[in-house]
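One structure is given below, encoded as structure tokens.
Numbers restart at 1 for each chain; the letters A, B, ... are given by sequence-line order, proteins then strands. Worth saying up front: this structure is predicted, and the values here are computed from it rather than measured.
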Amino acid sequence: MSLENKEVPAAPTPSDFIRDIVAAHVAENKYPRIHTRFPPEPNGYLHIGHAKSICLNFGIAREFGGVCNLRMDDTNPAKEDIEYVESIQADVNWLISAWADDKLGLKPKGKTPETIAEEGKRDFYLPAVLSTPNAQPATALEPFYASDYFDQIYDYAEQLIEKGKAFVCDLTPEETDEYRRNGKASPFRDRSPAENLNLFQRMKAGEFPDGSRVLRAKITVDAANIWLRDPLLYRIKKTDHHHTGAKWCIYPMYDFAHCLSDYIEGITHSICTLEFEVHRPLYDWILESLSLPRPLPHQYEFARLSLSYTIMSKRKLMQLVDEQLVTGWDDPRMPTISGIRRRGVTPEALRNFAYNIGITKYNGLTDVSVLEFAIRDDLNKRSLRRLAVLRPIKVVITNYPEGKVEELDAVNNPEDENAGKRKIPFARELFIERDDFAEVPPPKFFRLKPGGEVRLKYAYIIKCEEVVKDAAGNLVELRCTADLDSKTGGATSARKVKGTIHWVSAAHAVDAEVRLYDRLFTEAEPEKDGRDFKSVLNPHSLEVITAKLEPSLQEAKPEARYQFERLAYFALDLDSKPGQLVFNRTITLKDAWAKEAHKG
RNA sequence: UGCCCGAUGGUGUAACGGUAGCACAGCAGACUCUGAAUCUGUUUGUCAUGGUUCAAAUCCAUGUCGGGCAACCA
């Protein structure tokens, strides 16, 4: 037996076509270091689809000893905002914490690319600094910003002009569109480099109004791939930018800025979603046309995430927020990272989900049950069990002395011995769950029923002797007797009764607001066949109730996760105040009984 | 319409010319002081047609279906 066989098996390493490519590059020593990046546009909050991308890019950095830069892809000031910059940083930090936070590439605050000489050529480079906890105070570092490269990108544009590979075009947007569609050359295509340079400099100086001129690459006019038909590189937009202020009135287009940003940062693997596949030839053309001295980055594409019962478009999520159909970007019903976090999901659960769904080029629809499984699986292992009654009915144990209180032992987490035990008070008057009693029990109902017995978890076996109703016929209380020897550990405690239910002592229970969240949409594909997603909003996606909790929950902690036994997983909401607890239902427990009952 | 990409059970994924496997979901059962968890078993699959080969999910051709692009958005 070799020693290696005694090693604890390592966590499974993901495998997919992109990691295969990276592994091959590592094997052939193609790059000194693998360098990826996560480049969101700060025009909305990150959602679970971005989480997939974050896990991929940081996962690769982690598995291959590389770095993953966080970069704001902020080349369109009209849509972007500092609020989003801040939320993006918070969400990324949360998702990669204790996993890949030592692979997070940042840069010193305010730093812009250095001008260096590489192989005798002028070159721009902005190296990453790892945000290793002890290295630098966190305040000294910040994410990368594409807008920090506007000077360099402008310089590259002039280089293209000088090489005769770009020209200033005076066509209107509509004309440009038509010419490109028809494969017709712009009448301005053959302006001289000198004239182009002059016009471009004047564009920069603000001499021309928005939309009057653009800088275009001079590639072809009729390539089959539209993105090679003299694509736009720069447009005039007299708008202040959240990061560069009023410095610029021309802004580079995505295609021009992105590949150059990758190059400036020394990115090796530029991973994006499938819709950019047709842009790849342009990505390569720009970099190759500039005769850059350092190794060029390459683009690889994978399928974005689609989830059932979910919409993922930032624009539509913003619509939900703007029209107050949810309470905000971090509403626990939102598929945003901040919403998912507020709901009580842990980063580990989200990462496991990302691992489970894999990476391919196939545009599929992932069933939310895969996400739900990852959440339950994680919460089952970590959550503290508590007794809580969501919809109470009163139970009086008629043979239990008035005024007597017993402190019973309860296990905090059967999945984790180290979680220990706690005490819960038992007394004559209790609350049990409304669903745990049936006056006319359906088949296979093994909870409390008239004349029937059930075990109160950690306490006694009780028998329902009398159902008390008011004049209107509403259930008021249940009068029961307890087998006083049947307490956990007692003489008849081994007696088998089919059902065990949860309960709280009426006198000791703590009231709390509980927010019961459910799916936001009633249809698996909210937008199927062009239907308006707002027409299939689930009217019951949030129900707010006041629940009765066991008293230990008074000391609930925001970072802890709880399972209210037999019901669901919960986490404290940030709206909680001392003495005013608010819990969010993260996800219900699997409910085989509900399924059975539905069979009718 | 042109160009690009894709297609493996209900869903998502693996198999890289040599036994179609895993996860979720489903179903059945065991266990249970959580109708949870756990455990056992199990239904269901290579888009089609040709070709190459001793051998094809895999390579080739054609077709079908699905997705993407054709923004002075990213």
Counting any heavy atom closer than 4.0 Å, what does [X] reach on the DNA or RNA strands: base, sugar-phosphate only, or nothing?
| X | answer |
| --- | --- |
| A/Lys457 | base |
| A/Leu567 | nothing |
| A/Tyr362 | sugar-phosphate |
| A/Lys314 | nothing |
| A/Arg280 | nothing |
| A/Phe445 | base |
| A/Glu301 | nothing |
| A/Ser369 | sugar-phosphate |
| A/Tyr251 | nothing |
| A/Leu589 | base |

Using side chain to side chain donor-acceptor pair (under 3.5 Å) as the criterion, list what pairs up with A/Lys421, not counting sequence neighbours.
-> none

Examine A/Arg386 relative to A/Tyr562 and say whether NZ or CZ is less than 6.0 Å from the centre of the six-membered ring and inside a 45° cone about the ring axis.
-> no

Could you measure between the two [atom1] atoms, the one in [N] and the one in [M], and give it in whole Å?
| N | M | atom1 | result |
| --- | --- | --- | --- |
| B/rU49 | B/rU42 | P | 30 Å |
| B/rA48 | B/rC69 | C1' | 27 Å |
| B/rG6 | B/rC47 | P | 14 Å |
| B/rU11 | B/rC60 | C1' | 31 Å |
| B/rU52 | B/rU13 | C1' | 29 Å |
| B/rU40 | B/rC24 | P | 12 Å |
| B/rA25 | B/rU64 | P | 38 Å |
| B/rC39 | B/rG51 | P | 48 Å |

Residues forming a side-chain contact (heavy atoms from CB on, under 4.5 Å) with [X], sequence neighbours excluded:
| X | result |
| --- | --- |
| A/Arg561 | A/Thr346, A/Leu379, A/Arg382, A/Ser383, A/Ala571 |
| A/Ala594 | A/Asp591 |
| A/Ser493 | A/Arg455 |

Given that A/Ser493 and A/Gly358 both sit by RNA chain B, which one's nearest nucleotide is further toward the 5' end?
-> A/Gly358

By nearest-heavy-atom nucleotide on RNA chain B, the more 5' of A/Arg385 and A/Val370 is A/Val370

Set of ring pair (Phe, Tyr, Trp, His ring centres under 6.0 Å) partners for [X], sequence neighbours left out:
| X | result |
| --- | --- |
| A/Phe167 | none |
| A/His242 | none |
| A/Trp329 | A/Tyr45 |
| A/Tyr145 | A/His243 |

Pair [X] + [Y], salt bridge at N-O below 4.0 Å:
| X | Y | result |
| --- | --- | --- |
| A/Glu277 | A/Lys361 | yes |
| A/Arg191 | A/Asp170 | yes |
| A/Glu433 | A/Arg447 | no |

So, with a heavy-atom separation below 4.0 Å from RNA chain B, the residues of residues 372-382 of chain A are A/Phe373, A/Asn380

Given B/rU32, B/rC3, B/rA14, which nucleotide is nearest the side-chain atoms of A/Thr360?
-> B/rA14

For A/Trp593 and B/rG35, do the ring centres fall under 5.5 Å apart while the planes stay under 30° apart?
-> yes

For B/rC33, does OP1 or OP2 lie under 4.0 Å from any side-chain N or O of A/Lys496?
-> yes

Is the distance from OP1 or OP2 of B/rC27 to the nearest side-chain N or O of A/Lys595 less than 4.0 Å?
-> yes

Grab the [atom1]-[atom2] distance between [X] and [N] for me, whole Å please.
| X | N | atom1 | atom2 | result |
| --- | --- | --- | --- | --- |
| A/Tyr355 | B/rA14 | OH | C1' | 11 Å |
| A/Leu456 | B/rU34 | CG | C1' | 13 Å |
| A/Trp503 | B/rU34 | CH2 | P | 15 Å |
| A/Leu305 | B/rG12 | CG | C1' | 10 Å |
| A/Glu525 | B/rG10 | CD | P | 16 Å |
| A/Tyr458 | B/rU32 | OH | P | 16 Å |
| A/Asp435 | B/rU34 | CG | P | 18 Å |
| A/Ile18 | B/rG6 | CD1 | C1' | 15 Å |

Pair A/Asp262, A/Tyr283: side-chain N/O donor-acceptor within cut-off below 3.5 Å = yes

Sequence neighbours excluded, every pair satisfying salt bridge (charged side-chain N to carboxylate O under 4.0 Å, His left out) that has a member inside residues 410-419 of chain A = none

Could you run through nucleotides 65-74 of chain B and give me one letter per nucleotide, 5' to 3': B if any protein heavy atom sits under 4.0 Å from the base, S if only the sugar-phosphate is that close, - if neither?
-> --SBSSSBSB

Want to know the stems of RNA chain B: at least 3 consecutive Watson-Crick or G-U pairs with distances under 3.5 Å, which are they?
-> B:1-7 with B:64-70, B:10-13 with B:21-24, B:26-30 with B:38-42, B:47-51 with B:59-63

Of A/Phe150, A/Tyr149, A/Tyr234, the one forming a ring pair (Phe, Tyr, Trp, His ring centres under 6.0 Å) with A/Tyr251 is A/Phe150

